[in-house]
Amino acid sequence: KNYTLDGGVFSFNQHDTLSIESHTDLIAECKTLLAPHIAEEIICGERSAFNNDNNQKAVELLEKHILQGVKVESLSRERKDLLLDQVFDLKNQCEDELREILGNRKEQLDKLSEALIKRSILGQGELMLLVLTAEEKEKLLASIREMMSNSQQPITTANLDQQAEAIVG
C-alpha cells in the first residue's frame with residue numbers, strides 16, 4: 001500500500017494535564033508522544049515533519065526526569081553530555097520498543113490508517129475493532145453475547161468500550 005506523507009494521519013493531541021508519578025508513567029507518556037511518528041515510519045517508510053512537537057515534548061519529559069531540576073548550564077561539559085546521552089538513550093529505547101510493538105501490528109496499522117484517511121476521527125469502539133486481533137474480537141463478541149443474554153438493560157457504546165478495554169487489558 002502506498003501512503004503519502006502529509007502528516008497528521010497518526011497525530012496525537014494531548015489535552016489532559018500530565019500526572020507522572022513513576023518511571024513507568026514517564027516511559028508510557030513518552031511512548032504515547034513518540035508512537036505517531038513510529039507508526040508513520042512503519043506504514044510510510046519514513047517520518048514526516050508533521051507534529052514534531054511531540055518528539056520535542058518526549059525529549060523534554062526525559063530531560064526533566066534525568067536532570068531532576070538541575071540546571072544544565074551549571075554542569076560541566078562532560079556531566080552535561082553524559083546526562084543528555086542518557087536522555088537520548090532512553091528516547092531511543094522507547095522508539096525501539098514501539099517499533100517492535102507496532103511492527104508486529106502492521107496489518108492493523110494499515111487498516112487504521114485507511115479508516116483515518118476516510119473518516120478523520122474514530123470512536124474508541126471503532127478503533128478497538130480495527131486493531132484487535134481475531135482472537136481478541138472473538139472474546140469481545142462472546143462477552144457481548146453474554147452481556148446481551150444476561151441483561152435486561154440496553155447495550156450502550158460505553159458498555160461495549162468497557163468490555164473491549166477489559167479484553168485488551
Side-chain angles (χ1 to χ4, degrees), residues 1-48 50-55 57-58 60-62 65 90-169:
K1 295 184 173 115
N2 294 321
Y3 298 102
T4 58
L5 275 179
D6 61 355
V9 171
F10 295 107
S11 62
F12 169 75
N13 296 309
Q14 185 171 343
H15 302 287
D16 298 328
T17 304
L18 289 179
S19 177
I20 297 176
E21 298 177 5
S22 68
H23 180 76
T24 303
D25 290 345
L26 172 81
I27 297 302
E29 183 62 27
C30 286
K31 287 180 180 180
T32 301
L33 291 165
L34 296 168
H37 293 286
I38 301 301
E40 191 174 56
E41 182 182 295
I42 290 168
I43 295 297
C44 302
E46 59 184 309
R47 296 183 196 188
S48 71
F50 181 81
N51 207 0
N52 269 338
D53 290 347
N54 283 352
N55 190 54
K57 285 177 192 173
E60 288 169 7
L61 278 175
L62 292 169
H65 175 68
L90 197 49
K91 177 184 172 275
N92 290 336
Q93 178 185 339
C94 288
E95 289 181 334
D96 290 344
E97 289 173 13
L98 283 167
R99 277 187 198 94
E100 183 178 342
I101 292 165
L102 295 174
N104 290 333
R105 292 210 174 226
K106 187 174 184 321
E107 184 179 319
Q108 287 97 337
L109 285 175
D110 283 334
K111 290 177 187 176
L112 176 60
S113 60
E114 289 171 9
L116 286 170
I117 289 168
K118 287 179 186 172
R119 299 209 21 228
S120 297
I121 296 173
L122 300 174
Q124 184 179 0
E126 296 167 299
L127 180 63
M128 293 292 239
L129 288 175
L130 285 169
V131 299
L132 291 176
T133 64
E135 182 180 318
E136 291 166 335
K137 285 180 187 177
E138 194 54 47
K139 285 180 184 177
L140 179 60
L141 286 172
S143 175
I144 291 169
R145 286 185 198 108
E146 182 180 337
M147 192 173 25
M148 290 174 71
S149 67
N150 294 336
S151 178
Q152 302 287 332
Q153 301 172 0
I155 304 299
T156 65
T157 56
N159 296 104
L160 298 176
D161 287 345
Q162 189 176 29
Q163 291 297 316
E165 187 67 34
I167 288 168
V168 175

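Heavy atoms only: backbone and side chains are in, while hydrogens, waters and symmetry mates are out. Residues take their numbers from the sequence shown, with the count starting at 1.
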> For Leu102 and Ala39, which heavy atoms make the closest approach, and how far apart are they?
Replying inline: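 The answer is CD1-N, 3.9 Å.
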
> Closest heavy-atom contact between Leu98 and Lys31?
Replying inline: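 For Leu98 and Lys31, the tightest heavy-atom pair comes out as CD1-O, 3.5 Å.
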
> Is there a donor-acceptor pair closer than 3.5 Å between any side-chain N or O of Ser143 and the backbone N or O of Lys139?
Replying inline: no

>> Between Asn55 and Glu95, is there a side-chain heavy-atom distance shorter than 4.5 Å?
In response: yes

> Are the side chains of Leu90 and His23 in touch, meaning some heavy atoms are under 4.5 Å apart?
Replying inline: yes

Got a second to check how far [X]'s [atom1] is from [Y]'s [atom2], nearest 0.5 Å?
X      : Y     : atom1 : atom2 : value
Glu40  : Ile42 : CD    : CD1   : 11.0 Å
Leu109 : Ile38 : CG    : CD1   : 11.5 Å
Glu29  : Thr24 : CD    : OG1   : 13.5 Å
Glu97  : Cys30 : CD    : SG    : 11.5 Å
Lys57  : Leu62 : NZ    : CG    : 14.5 Å
Leu33  : Lys91 : CG    : NZ    : 11.0 Å

> Any ion pair linking Arg105 and Glu136 (charged N to carboxylate O, less than 4.0 Å)?
Replying inline: yes

> Under the salt bridge (Lys or Arg N to Asp or Glu O under 4.0 Å) criterion, do Glu138 and Arg145 qualify, and how do the steps go?
Replying inline: CA-CA 10 Å; Glu138 194 54 47; Arg145 286 185 198 108; 3.7 Å; yes

